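Quick notes on the structure that follows.
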Amino acid sequence: MSEQPPTVLLEKRDDIAVVTLNRPDVVNAFSVRMRDELWEVLAAVRDDPDVRGMLLVGAGERGFCAGADLTEFGTAPSQTIARQVRWERDLWGLLLGIPKPTVAALHGYCLGSGLEMAALCDVRVAADDAVFGMPEAGLGLVPAAGGTQLLPRLLGPGRAIELLLSGRRFGAEDALAYGLVSEVVPRSELVAAATALLRRMLRAPSPALAAAKRAIADGADMPLAAALDLERRLAASLSA
Ligand code: COA
């Protein structure tokens with residue numbers, strides 16, 4: 001039996017880790033195997049001292065990721081167990097907690113968990129052909145990669161509810177207007193534009209970047225006074 005290619009590729013370009021979702025034949029649908037391989041790759045990105053930032057991209061022409069692999073629905077012991085494993089290993093917590101800038105470069109279809117993976121990154125850049133959507137509700141599911149929590153925080157609750165409940169697909173210009181992506185660029189310039197944005201961030205020293213990420217992430221869960229105190233402490237620790 002021929003060996004299956006990896007579902008996630010890791011390539012280092014200087015101090016940037018380029019992580020590629022690599023199931024182009026099925027629009028990089030997120031499978032159980034991809035979950036396990038992404039876990040290994042993201043831990044390597046987090047722990048490698050030579051890696052200062054991460055670019056997340058999808059292989060192939062059709063899109064970044066068309067969501068959960070629909071062919072696996074019903075094949076796992078149960079949807080409940082599959083989800084339990086997901087939470088126990090907390091893949092999404094791992095992605096969210098990487099203390100280095102993470103940028104998602106989005107082209108073509110970016111649906112369901114594909115959109116959620118992008119939302120777990122710090123910054124998103126879209127190609128002009130990108131198509132976004134959250135189809136879970138229409139499939140009788142609820143998003144399980146953070147969509148119900150991340151989209152309201154990124155887009156505001158009103159817009160997020162509309163998109164989560166209707167499953168409406170929307171394009172790159174709408175994504176820009178909603179604040180989901182920072183930039184829309186021609187498809188041919190996507191990786192260069194996302195890399196340039198990441199490189200701009202990497203002009204700052206790594207401890208400053210990690211502290212800013214921590215202040216924003218941890219502060220969001222705190223009352224304002226406690227969050228301001230956290231910011232003060234992080235600022236003091238950097239200037240010390
Ligand atoms: N899971 C498994 N396979 C998927 C998939 C998914 N989420 N999305 C696409 N594929 C597969 C298709 O079955 C097809 O396989 P085939 O070539 O063996 O027939 C291949 O990827 C290409 O998809 P296709 O539908 O032919 O391309 P398209 O350009 O007409 O449409 C999509 C692309 C993404 C719009 C469409 O495939 C789609 O709606 N996918 C499902 C999206 C979804 O509901 N995701 C789940 C979220 S919970």
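Counting starts at 1 for both ligands and their atoms, following the listed order. This structure is a prediction, so every number in the text was calculated from the model and none was measured. Just so you know, residue 1 is the first one in the sequence shown, and it goes up from there.
Remark: atom 36 (C) of ligand 1 lies closer than 4.0 Å to no protein heavy atom. Counting only heavy atoms, the protein never gets under 4.0 Å from atom 25 (O) of ligand 1. Contact annotation for atom 39 (O) of ligand 1: protein present (non-hydrogen atoms, distance under 4.0 Å). Counting protein heavy atoms under 4.0 angstrom from atom 21 (O) of ligand 1 gives one or more. Protein heavy atoms are absent from the 4.0 Å sphere centred on atom 18 (O) of ligand 1. Checking atom 12 (C) of ligand 1 against the protein gives no heavy-atom contact under 4.0 Å.
A salt bridge links Asp229 to Arg232: at least one charged side-chain nitrogen sits closer than 4.0 Å to a carboxylate oxygen. Using a 4.0 Å cut-off between charged nitrogen and carboxylate oxygen, Asp69 and Arg23 count as a salt-bridge pair. Salt bridge annotation for Lys213-Asp218: absent, with no cationic side-chain nitrogen under 4.0 angstrom from a carboxylate oxygen. In summary, Arg187 and Glu189 do not engage in a salt bridge, as defined by a charged side-chain N under 4.0 Å from a carboxylate O. Under 4.0 Å is where a charged nitrogen must lie from a carboxylate oxygen, and between Arg199 and Asp14 at least one such pair does.
For atom 4 (C) of ligand 1, the nearest protein heavy atom (residue, atom name, distance) is Val26 O, 4.0 Å. Counting only heavy atoms of the protein, atom 29 (O) of ligand 1 lies nearest to Tyr109 CE1, 3.8 Å. The protein heavy atom nearest to atom 2 (C) of ligand 1 is Asp69 OD1, 3.2 Å. When only non-hydrogen protein atoms are considered, atom 34 (C) of ligand 1 lies nearest to Ala66 CB, 3.6 Å. The single protein non-hydrogen atom nearest to atom 44 (O) of ligand 1 is Pro135 CG, 3.7 Å, given as residue, atom name and distance. In terms of protein heavy-atom proximity, atom 41 (C) of ligand 1 is nearest to Leu70 CD1, 3.7 Å. Nearest protein heavy-atom contact of atom 14 (C) of ligand 1 is Asp25 O, 4.5 Å. Of the protein's heavy atoms, Ala68 O, 2.8 Å lies nearest to atom 7 (N) of ligand 1.
More than 12 non-hydrogen atoms from other residues, nucleotides or ligands lie less than 6.0 angstrom from CD of Glu183. The number of heavy-atom neighbours closer than 6.0 Å to CD of Glu61, taken from other residues, nucleotides and ligands shown, is 12 or below.
Counting heavy atoms only, Arg62 comes closest to atom 27 (O) of ligand 1 of the residues Arg62, Glu61, Glu72.
Aromatic rings of Phe170 and Tyr178 (six-membered ring for Trp) have centroids within the 6.0 Å cut-off, being under it.
In this structure, Glu116 falls outside the shell of residues with a heavy atom less than 4.0 angstrom from ligand 1. Under the 4.0 angstrom criterion for non-hydrogen atoms, Val131 is not in contact with ligand 1.
Annotation for Asn22 and Ala59: closest pair OD1-CB, 3.6 Å, computed over non-hydrogen atoms.
In this structure, Arg62 CZ and Asp25 CG are separated by 7.5 Å, a value rounded to the nearest 0.5 Å.
Looking at heavy atoms from C-beta onward, Leu111 lies out of side-chain contact with Met134 at the 4.5 angstrom threshold.
Looking at Arg169 against ligand 1, only its side chain comes within 4.0 Å, counting heavy atoms.
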